[in-house]
Amino acid sequence: MSSTDSSTYEGFTAEERAAMKDHAQDQKTAARRGSRADKAAEAERDVLAKIAEMQDSDRIMAERVHAVVTASAPVLAPKLWYGMPAYALDGKVVCFFQSAAKFKARYATLGFSDQAKLDEGTMWAAGFALTEVTAEVEARIGALVKQAVS
């Protein structure tokens with residue numbers, strides 16, 4: 001970049017740096033665990049603890065998302081991913097919940113990675129804004145998660 005360039009790079013935001021630190025800590029914690037069953041149980045406890053720390057509306061939505069995802073796709077293993085609840089298949093994240101408060105956003109997000117089999121033509125949604133988790137939203141999440149792992 002030349003010195004005459006008027007744009008300036010300010011680096012990562014505080015929220016992005018915090019998410020990267022959370023991810024590094026998640027990786028270190030996972031590496032220290034014993035058996036596969038111990039790791040899975042501890043990972044789920046970590047996810048539930050992170051959900052419990054969330055602010056009211058985010059916590060309520062995350063609890064419902066967790067319940068729907070684990071019921072709809074029991075093959076997915078809960079784990080923390082960048083400090084947020086995520087659900088993985090064979091160690092690779094398929095979907096995740098991102099609280100609105102984490103990045104000071106207007107809404108929470110249910111996101112799907114490229115591991116999710118949501119392909120529909122040449123373009124499909126990989127993230128969904130959540131402002132409330134109703135029975136209709138639960139049904140849609142359940143269907144998406146089932147499709148993602150099929």
Side-chain angles (χ1 to χ4, degrees), residues 7 9 11-31 33 35-150:
S7 67
Y9 175 71
F12 294 108
T13 65
E15 292 83 9
E16 291 168 331
R17 283 191 303 277
M20 288 185 283
K21 286 180 182 177
D22 286 343
H23 181 62
Q25 185 60 42
D26 298 343
Q27 295 298 315
K28 287 178 187 175
T29 302
R33 295 194 175 127
S35 72
R36 181 173 279 159
D38 289 345
K39 288 180 182 182
E42 189 66 28
E44 182 156 19
R45 283 193 292 274
D46 291 346
V47 166
L48 294 173
K50 186 59 76 172
I51 290 171
E53 294 172 5
M54 292 179 185
Q55 295 177 359
D56 290 342
S57 63
D58 284 339
R59 187 185 77 261
I60 292 165
M61 287 189 288
E63 288 170 347
R64 293 306 314 139
V65 167
H66 178 77
V68 171
V69 170
T70 55
S72 300
V75 297
L76 293 178
K79 67 185 269 179
L80 288 178
W81 190 57
Y82 293 96
M84 289 285 106
Y87 305 88
L89 181 63
D90 298 326
K92 295 184 180 182
V93 171
V94 173
C95 63
F96 58 91
F97 177 86
Q98 182 178 305
S99 70
K102 176 83 173 181
F103 293 101
K104 299 179 182 149
R106 188 168 58 101
Y107 48 79
T109 305
L110 174 65
F112 291 87
S113 75
D114 61 335
Q115 299 296 311
K117 298 173 185 161
L118 298 178
D119 305 35
E120 189 175 296
T122 57
M123 183 173 138
W124 57 89
F128 298 86
L130 293 172
T131 56
E132 182 180 6
V133 178
T134 63
E136 180 182 327
V137 170
E138 286 182 6
R140 184 145 184 230
I141 291 170
L144 284 167
V145 170
K146 285 177 184 175
Q147 180 182 348
V149 296
S150 63

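- Residue pairs meeting the salt bridge (Lys or Arg N to Asp or Glu O under 4.0 Å) criterion with at least one partner in residues 117-131, sequence neighbours excluded, are absent.
- Within the 4.5 Å cutoff, the side chain of Leu144 has heavy atoms near those of the Phe128 side chain.
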### Message
Using side chain to side chain contact (heavy atoms under 4.5 Å, CB included), reason through Arg17 and Phe12 one step at a time and then give a plain yes or no.
### Response
CA-CA 6 Å; Arg17 283 191 303 277; Phe12 294 108; 3.8 Å; yes
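- Applying the ring-ring contact (aromatic ring centres under 6.0 Å, His included) test to Phe97 and every residue at least two apart in sequence or in another chain returns nothing.
- Looking only at side-chain heavy atoms (C-beta outward), Gln115 and Val93 stay at 4.5 Å or farther from each other.
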Return all side-chain donor-acceptor pairs below 3.5 angstrom for residues 48-58, not counting sequence neighbours, or 'none' if the list is empty.
from  : atom 1 : to     : atom 2 : distance (Å)
Asp56 : OD1    : Arg59  : NH1    : 2.9
Asp58 : OD1    : Ala100 : N      : 3.3
Asp58 : OD2    : Ala100 : N      : 3.2
Asp58 : OD2    : Ala101 : N      : 3.1

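- Identified under the side-chain hydrogen bond (donor to acceptor under 3.5 Å, both in side chains) test for residues 97-114, with sequence neighbours left out: Glu15-Lys104, Asp22-Lys102.
- With sequence neighbours excluded, the residues that form a side chain to side chain donor-acceptor pair (under 3.5 Å) with Arg45 are Glu42.
- Separating the OG1 atom in Thr134 from the CD1 atom in Ile141 is a distance of 8.5 Å, to the nearest 0.5 Å.
- Qualifying salt bridge (Lys or Arg N to Asp or Glu O under 4.0 Å) partners for Lys92, counting only residues two or more places apart in sequence or in other chains: none.
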Show me the donor-acceptor pairs within less than 3.5 Å that the side chains of residues 63-76 make with the rest of the protein, sequence neighbours left out.
from  : atom 1 : to     : atom 2 : distance (Å)
Arg64 : NE     : Glu138 : OE2    : 2.6
Arg64 : NH2    : Glu138 : OE1    : 3.4
Arg64 : NH2    : Glu138 : OE2    : 3.0
His66 : ND1    : Tyr87  : OH     : 2.8
His66 : NE2    : Glu44  : OE2    : 3.2
Thr70 : OG1    : His66  : O      : 2.8
Thr70 : OG1    : Ala67  : O      : 3.3
Ser72 : OG     : Val68  : O      : 2.8

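- Residues meeting the ring-ring contact (aromatic ring centres under 6.0 Å, His included) test with Phe112, sequence neighbours left out: none.
- Here side-chain hydrogen bond (donor to acceptor under 3.5 Å, both in side chains) pairs that include residues 74-86, with residues two or more places apart or in two chains, number zero.
- The shortest non-hydrogen separation linking Thr131 to Met61 is C-SD, 3.5 Å.
- Here Glu132 pairs with nothing under the side chain to side chain donor-acceptor pair (under 3.5 Å) rule; sequence neighbours left out.
- The heavy-atom pair separating Val145 from Cys95 by the smallest distance is CG2-SG, 4.4 Å.
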